[in-house]
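See below for the structure under consideration.
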Amino acid sequence: MKDQVIPKATAKRLPLYYRYLRILHHSGKQKVSSTELSDAVQVDSATIRRDFSYFGELGKRGYGYDVEALMNFFAKTLNDDQMSNVALVGVGNLGSALLKYKFHQSNSIRISAAFDVNQEIIGRILDGIPVYPLEDMAEQIRLQEIDIAILTVPAEHSQPIVDELVRAGIKGILNFTPARLHAPKQVLIQNVDLTNELQTLIYFLHSNPNREVD
């Protein structure tokens with residue numbers, strides 16, 4: 001792999017490529033072209049070739065890409081060959097839905113512990129995941145060697161929880177709250193604002209009413 005920084009937009013597309021390569025591999029396909037990938041994942045072929053170029057020579061001109069080799073390469077790049085334990089903080093409506101999700105697009109991601117303040121669910125096993133009291137969070141994160149947390153708590157409680165997650169050794173946070181969180185620069189925070197995404201979609205729907213639909 002070349003010694004350079006991969007653009008964030010490229011990094012976000014890598015799981016998409018990997019997921020489709022797994023589908024191709026399971027179907028028995030051995031080779032795939034950038035044009036075929038483009039049709040399947042709805043990313044133009046020039047962008048795909050540019051994305052792949054950051055990782056060196058992954059295919060041959062006129063031959064295409066070896067599906068299994070490329071799939072294995074992205075599995076290693078995305079650490080999908082190693083199990084990643086994830087903590088879920090907040091088991092309300094959204095948190096409960098995430099417990100049911102099972103992360104079927106990856107064999108290596110699992111929520112191994114959930115944390116909440118609701119006495120009615122603390123100590124129970126929900127969808128195969130134990131729910132611990134919030135005061136046990138730091139201890140369980142260390143015991144289970146968890147590096148990633150998903151945050152689905154009320155916004156007004158999010159920053160103190162993030163501070164505790166950082167102290168417990170968390171390296172990455174997927175933030176579903178509307179709050180913009182603060183953490184040391186070595187801790188990565190990915191914000192997922194569902195309301196913002198819907199409002200953006202609605203804006204584009206109404207700003208171009210004469211658009212063509214594929």
Side-chain angles (χ1 to χ4, degrees), residues 11-12 14-16 18-20 22-23 26 71 74-201:
K12 285 186 174 182
L14 297 185
L16 181 64
Y18 174 57
R19 191 157 64 244
Y20 185 65
R22 287 182 60 192
I23 293 172
H26 292 156
M71 179 189 71
F74 282 124
K76 190 171 185 63
T77 301
L78 294 166
N79 291 317
D80 202 58
D81 55 350
Q82 302 175 20
M83 179 59 70
S84 295
N85 290 327
V86 178
L88 173 69
V89 187
V91 192
N93 292 334
L94 178 56
S96 296
L98 291 171
L99 287 182
K100 292 179 171 63
Y101 181 59
K102 303 302 183 187
F103 295 94
H104 61 279
Q105 294 168 351
S106 172
N107 292 326
S108 65
I109 301 173
R110 69 173 183 182
I111 295 177
S112 61
F115 303 93
D116 206 278
V117 296
N118 184 353
Q119 294 297 324
E120 293 184 2
I121 61 173
I122 288 174
R124 294 176 56 189
I125 306 293
L126 300 181
D127 293 287
I129 312 300
V131 181
Y132 298 93
L134 199 59
E135 55 265 27
D136 289 355
M137 183 173 68
E139 179 186 15
Q140 288 300 322
I141 284 172
R142 294 188 183 101
L143 286 174
Q144 299 188 40
E145 300 182 339
I146 296 173
D147 291 327
I148 300 169
I150 301 174
L151 198 60
T152 61
V153 299
E156 61 269 23
H157 301 305
S158 57
Q159 188 60 55
I161 291 175
V162 167
D163 295 341
E164 186 172 354
L165 288 170
V166 170
R167 288 193 293 269
I170 286 292
K171 301 295 191 299
I173 298 171
L174 187 62
N175 174 33
F176 278 92
T177 81
R180 286 301 171 257
L181 306 171
H182 304 285
K185 62 181 180 180
Q186 67 269 23
V187 178
L188 299 177
I189 297 179
Q190 185 78 29
N191 297 303
V192 182
D193 191 328
L194 299 178
T195 300
N196 182 66
E197 295 298 327
L198 278 172
Q199 288 177 331
T200 302
L201 175 61

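Note that the coordinates shown come from a computational prediction; the quantities given were computed from them, not determined experimentally.
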* Are Leu98 and Phe176 close enough, and set up right, to give a side chain to side chain contact (heavy atoms under 4.5 Å, CB included), and what steps lead you there? -> CA-CA 11 Å; Leu98 291 171; Phe176 278 92; 4.0 Å; yes
* Is the CD atom of Glu145 crowded by more than 12 outside heavy atoms at less than 6.0 Å? ->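 Counting neighbours around CD of Glu145, 12 or fewer heavy atoms of other residues, nucleotides or ligands fall under 6.0 Å, so no.
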First locate atom [atom1] of [X], then atom [atom2] of [Y], and finally report the distance between them rounded to the nearest 0.5 Å.
| X | Y | atom1 | atom2 | answer |
| --- | --- | --- | --- | --- |
| Ile122 | Gln119 | CD1 | CD | 4.0 Å |
| Arg142 | Ile170 | CZ | CD1 | 10.5 Å |
| Ile150 | Ile111 | CD1 | CD1 | 4.5 Å |
| Leu151 | Leu174 | CG | CG | 9.0 Å |
| Thr152 | Leu94 | OG1 | CG | 5.5 Å |
| Lys171 | Ile173 | NZ | CD1 | 11.0 Å |

* **Derivation of the side chain to side chain contact (heavy atoms under 4.5 Å, CB included) call for Ile23 and His26** => CA-CA 5 Å; Ile23 293 172; His26 292 156; 6.0 Å; no
Which heavy atom in [X] sits nearest to a heavy atom in [Y], and how many Å separate them?
| X | Y | value |
| --- | --- | --- |
| Val131 | Ile121 | CB-O, 3.5 Å |
| Gly92 | Asp116 | N-OD2, 4.2 Å |
| Leu165 | Ala149 | CD1-CB, 3.9 Å |

With side chains defined as the heavy atoms from C-beta onward, is the minimum distance between [X] and [Y] less than 4.5 Å?
| X | Y | answer |
| --- | --- | --- |
| Val91 | Asn118 | no |
| Val89 | Leu134 | yes |
| Leu143 | Gln140 | yes |
| Val192 | Leu194 | yes |

Under 3.5 Å donor-acceptor pairs involving side-chain atoms of residues 177-191, not counting sequence neighbours:
| unit_1 | atom_1 | unit_2 | atom_2 | d |
| --- | --- | --- | --- | --- |
| Thr177 | OG1 | Asn175 | OD1 | 2.7 |
| Thr177 | OG1 | Ala179 | N | 3.3 |
| Asn191 | OD1 | Asn175 | ND2 | 2.8 |

* Within the distance-only criterion (no hydrogens, no angle test), does the side chain of Asn85 pair as donor or acceptor with the backbone N or O of Ser112 below 3.5 angstrom? ->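 Checked: no pair found.
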* Keeping to residues at least two apart or across chains, list the ring pair (Phe, Tyr, Trp, His ring centres under 6.0 Å) pairs with something in residues 125-167. =>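 Non-adjacent pairs meeting ring pair (Phe, Tyr, Trp, His ring centres under 6.0 Å): Phe115-Tyr132.
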